[in-house]
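Read through the structure below, which is laid out as structure tokens, and then see the notes.
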Amino acid sequence: MKSNVFLGQLKMRGRNIEWLLNQMAERGLSISKSTIYKKLRGESEFNALEIKVISDIMQYSEKEMYDIFFEELVS
């Protein structure tokens with residue numbers, strides 16, 4: 001995951017991790033702040049549902065989603 005790109009985009013929109021977690025919770029997906037930071041540091045990975053919800057919140061295109069969340073092209 002390109003966490004620096006993701007965090008930069010979040011900041012450019014005037015948002016932060018707490019806002020993201022609130023938006024995720026509103027969509028029925030609750031994770032803790034420590035869990036999301038572990039995922040952003042690469043200590044664990046985002047699952048498919050988390051990627052889908054975050055991409056929806058951030059209004060990512062499919063290309064942007066793949067570019068940020070996947071190191072290699074996934075077929």
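Computed from a predicted structure; not experimentally measured.
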Inset, instruction - List for me each residue that meets salt bridge (charged side-chain N to carboxylate O under 4.0 Å, His left out) alongside Glu18, sequence neighbours excluded, and say none if there are none. - result: Lys33

Inset, instruction - Quick one: list whatever passes side-chain contact (heavy atoms from CB on, under 4.5 Å) with Ser34, sequence neighbours left out. - result: Ser32

Inset, instruction - For Arg13 and Gln9, test the side chains for any donor-to-acceptor distance below 3.5 angstrom and give the result as yes or no. - result: no

Inset, instruction - Mind checking the CD1-OG spacing from Ile36 to Ser3? Nearest 0.5 Å is all I need. - result: 11.0 Å

Legend entry - Enclosure of Glu43 CD (heavy-atom neighbours >12, cutoff 6.0 Å): yes

Inset, instruction - Not counting sequence neighbours, list each pair that qualifies as a side-chain hydrogen bond (donor to acceptor under 3.5 Å, both in side chains) and has a residue in residues 44-53. - result: Lys39-Glu50

Legend entry - ring-ring contact (aromatic ring centres under 6.0 Å, His included) involving Phe6 - partner list, sequence neighbours excluded: none

Legend entry - Arg27 CZ to Ile57 CD1 distance, which is reported to the nearest 0.5 Å: 4.5 Å

Inset, instruction - Applying side-chain contact (heavy atoms from CB on, under 4.5 Å), run through Ile68 and Ile54 and close with a yes or a no. - result: CA-CA 11 Å; Ile68 290 170; Ile54 291 170; over 6 Å; no

Inset, instruction - State the CZ-CE distance between Phe70 and Met1, to the nearest 0.5 angstrom. - result: 10.5 Å

Legend entry - Partner set under side-chain contact (heavy atoms from CB on, under 4.5 Å) for Gln59, not counting sequence neighbours: none

Inset, instruction - Say whether, by atom type as modelled, one donor and one acceptor occur between the side chain of Arg15 and the main chain of Met58 under 3.5 angstrom. - result: no

Inset, instruction - Calculate, to the nearest 0.5 Å, the distance between atoms CG and CE belonging to Asp56 and Met65 respectively. - result: 11.5 Å

Inset, instruction - Could you pull out all residues at least two apart from Tyr60 that satisfy ring-ring contact (aromatic ring centres under 6.0 Å, His included)? - result: none

Legend entry - Point-to-point distance, once rounded to the nearest 0.5 Å, from CG of Leu40 to CG of Asn4: 9.5 Å

